[in-house]
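See structure below.
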Amino acid sequence: MISIDKDTLDSLLEKFRNEQQTLLPEVKLKNIFLTEKLRLVAGVDTAYWDAKGKTYGACCIVVIDFITHEVVEKVNSFGVVTIPYIPGFLAFRELPLIMDAVKKLTKQPDIYMFDGNGYLHHRHIGIATHASFYVDKPTIGVAKSYLKIKDVDFTMPDNHVGAYTDILIDNEIYGRTLRTTKSVKPIFISCGNWIDLETSTDIVMRLINKESRLPIPVRMADLETHVVRKKLQETL
């Protein structure tokens, strides 16, 4: 477990909020690419564990071919984590690991999908949005559970594949509750950056198969974190 005193935490929170506020005006929920030219999509996920008084993290990135759904590349990174989990500021904990993994890629993804939120965030700067400025590519947030903001609940979409309801908060669409598989819990998607919500929805749905409610890159990255974490727990 990572333990920090109140003064240090308050200082971190002020720093983190300032950075988020600086980035927000640069967020553009518009496509900067043509979907028909999309070829490589990366899924990103991170896992954590405690050992010998330290907290470790591992980030896995799986790149797939958008057309064939075949795996093109898999990379990972790991290390000691020094930032505790602070709701709303996940990016500051995960970005060092993410960027270490990104540097190992030999293929250049056209878009990144993150296991987490993007614009669907208290300050519109979830991990998918924040990370876009570091990977310098369009991003999508794909979350398995709902981040409740301002006590606004989501509306369950109809029980058929592709059904969705938009998450409207203060008359602004933050994200979307999307049914990717019939009779299975929906997922929560949001724009990261440099992409609109309709395109994000279309890309997610085109990467769904019968194995999971999650799009293939995110699911495979999630599975890979379990494999990598297990191996590292045996050696560290």
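Numbers here are sequence positions counted from 1. Computation of the quantities below employed the complete heavy-atom set of this structure, encompassing side-chain atoms and omitting hydrogens, waters and symmetry-equivalent molecules.
Residues Ile167 and Thr177 form a side-chain contact, since some pair of their non-hydrogen atoms from C-beta on lies under 4.5 Å apart. Residues Asn193 and Pro138 fail the side-chain proximity criterion, which asks for heavy atoms closer than 4.5 Å. Looking at heavy atoms from C-beta onward, Glu234 lies out of side-chain contact with Arg229 at the 4.5 angstrom threshold. Considering only heavy atoms from C-beta on, Val27 stays 4.5 Å or farther from His124 through its side chain. By the 4.5 Å heavy-atom criterion applied to side chains, Asn31 and Trp194 are not counted as neighbours. Looking at Val81 and Glu94, their side chains never come closer than 4.5 Å, going by heavy atoms from C-beta outward. Counting only heavy atoms from C-beta outward, the side chains of Leu178 and Val204 approach each other to under 4.5 Å. Under the 4.5 Å side-chain criterion, counting only non-hydrogen atoms from C-beta, Lys107 is in contact with Glu73.
Within 6.0 Å of NZ on Lys182 lie no more than 12 heavy atoms contributed by other residues, nucleotides or ligands. Residue-environment remark: CD (Glu14) stays at or below the threshold of 12 foreign heavy atoms within 6.0 Å. The number of heavy atoms from other shown groups lying within 6.0 Å of NZ (Lys74) does not exceed 12. Residue Lys148 qualifies as enclosed at atom NZ: its count of foreign heavy atoms under 6.0 Å is above 12.
Ring centroid separation for the pair His121 and Tyr174 does not come in under the 6.0 Å cut-off.
Rounding to the nearest 0.5 Å places CZ of Phe114 at 10.5 Å from CD1 of Ile140. To the nearest 0.5 Å, atom CD1 of residue Ile64 and atom CD1 of residue Ile67 are 10.0 Å apart. Rounding to the nearest 0.5 Å gives a distance of 10.0 Å between CG of Asp196 and NZ of Lys30. Separation of atoms CG (Asp5) and CG (Leu9) is listed at 8.5 Å; rounding is to 0.5 Å. The OG1 atom of Thr225 sits 12.0 Å away from the CE atom of Met220 when rounded to the nearest 0.5 Å. Atom NZ of Lys144 and atom OG of Ser212 lie 9.0 Å apart (nearest 0.5 Å).
Nearest heavy atom pair, residue Gly88 against residue Gln20, reads O-NE2, 3.0 Å. Of all heavy-atom pairs spanning Cys191 and Leu29, the tightest one is CB-CD2, 3.7 Å. Residue Leu97 comes nearest to Ser77 through the heavy atom pair O-OG, 2.6 Å, listed as atom of the first residue, atom of the second, then distance. Listed here is the closest heavy atom pair of Val142 and Pro215: CG1-CD, 3.8 Å. Scanning all heavy atoms of the two residues, the minimum distance from Thr139 to Ala128 falls at OG1-O, 2.7 Å. Pairing each heavy atom of Gly118 with each of Thr129, the nearest pair is C-OG1, 3.0 Å.
Taking hydrophobic clusters as Ile, Leu, Val, Met, Phe, Trp and Tyr residues chained together by side-chain heavy-atom distances below 4.5 Å, Ile203 shares a cluster with Val62. Under the 4.5 Å side-chain heavy-atom criterion for Ile, Leu, Val, Met, Phe, Trp and Tyr, Val227 and Leu232 are members of distinct hydrophobic clusters. Under a hydrophobic-cluster definition in which Ile, Leu, Val, Met, Phe, Trp and Tyr are linked whenever side-chain heavy atoms come within less than 4.5 Å, directly or via other members, Ile173 and Val152 are assigned to different clusters. A single hydrophobic cluster is not seen to contain both Val184 and Val161; linkage of ILVMFWY side chains at heavy-atom distances under 4.5 Å, directly or through other members, places them apart. Hydrophobic clustering keeps Ile127 apart from Ile86 (ILVMFWY residues linked when any side-chain heavy atoms are closer than 4.5 Å, directly or through intermediates).
Under the 30°/60° scheme for interplanar angles, the aromatic rings of Trp49 and Tyr56 are found to lie parallel. Below 30°, between 30° and 60°, or above 60°: for Phe188 and Phe154 the angle between ring planes is above 60°, a perpendicular geometry.
Under a 3.5 Å cut-off, the side chain of Asn209 and the backbone N or O of Glu211 do form a donor-acceptor pair. The backbone N or O of Ile4 sits nowhere less than 3.5 Å from a side-chain atom of Thr8 that would complete a donor-acceptor pair. With Thr199 contributing its side chain and Ile195 its backbone, the two residues share no donor-acceptor pair below 3.5 Å. With hydrogens and angles ignored, the 3.5 Å screen pairs no side-chain donor or acceptor of Ser132 with any backbone N or O of Gly192.
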*Going through the distances and angles, do Ile61 and Leu105 end up as a side-chain contact (heavy atoms from CB on, under 4.5 Å)?*
CA-CA 9 Å; Ile61 301 178; Leu105 290 171; 4.3 Å; yes
*asked:* Please evaluate residues Asn159 and Ser183 with respect to the criterion side chain to side chain donor-acceptor pair (under 3.5 Å), reporting the C-alpha separation (whole Å), side-chain torsions for both, the decisive distance (0.1 Å), and the verdict.
replied: CA-CA 6 Å; Asn159 191 21; Ser183 300; 3.2 Å; yes
*Would Val72 and Leu40 count as a side-chain contact (heavy atoms from CB on, under 4.5 Å) if you check the C-alpha gap in whole Å, the side-chain angles of each, and the deciding distance to 0.1 Å?*
CA-CA 8 Å; Val72 173; Leu40 299 180; 3.8 Å; yes
*So Lys150 and His122, side-chain contact (heavy atoms from CB on, under 4.5 Å) or not? Walk me through it.*
CA-CA 8 Å; Lys150 297 184 179 180; His122 298 281; over 6 Å; no
_Intermediate values then yes/no, side-chain contact (heavy atoms from CB on, under 4.5 Å), Cys59 and Val44_ = CA-CA 7 Å; Cys59 173; Val44 185; 3.8 Å; yes
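Cation-pi geometry between Arg93 and Tyr48 is met: the NZ or CZ atom falls under 6.0 Å from the ring centre, inside 45° of the normal.
Between Arg39 and Asp110 there is no salt bridge, since none of the side-chain N atoms of the basic residue sits less than 4.0 Å from a carboxylate O of the acidic one. Salt bridge annotation for Asp158-Arg179: absent, with no cationic side-chain nitrogen under 4.0 angstrom from a carboxylate oxygen. A salt bridge is absent between Asp50 and Lys54: the closest approach of a Lys/Arg side-chain nitrogen to an acidic carboxylate oxygen does not fall below 4.0 angstrom. Remark: Glu198 engages Arg176 in a salt bridge, criterion side-chain N to carboxylate O under 4.0 Å. One finds no salt bridge joining Asp100 and Lys104 here, because no Lys/Arg side-chain nitrogen approaches an Asp/Glu carboxylate oxygen to under 4.0 Å.
For the salt bridge (charged side-chain N to carboxylate O under 4.0 Å, His left out) test, no residue two or more places apart in sequence or in another chain qualifies with Lys103. Partners of Asn76 according to the side-chain contact (heavy atoms from CB on, under 4.5 Å) rule, which considers only residues two or more places apart in sequence or in another chain, are Cys60, Val228.
No option in Val218, Ile111, Ile216 other than Ile111 meets the side-chain contact (heavy atoms from CB on, under 4.5 Å) test with Val41.
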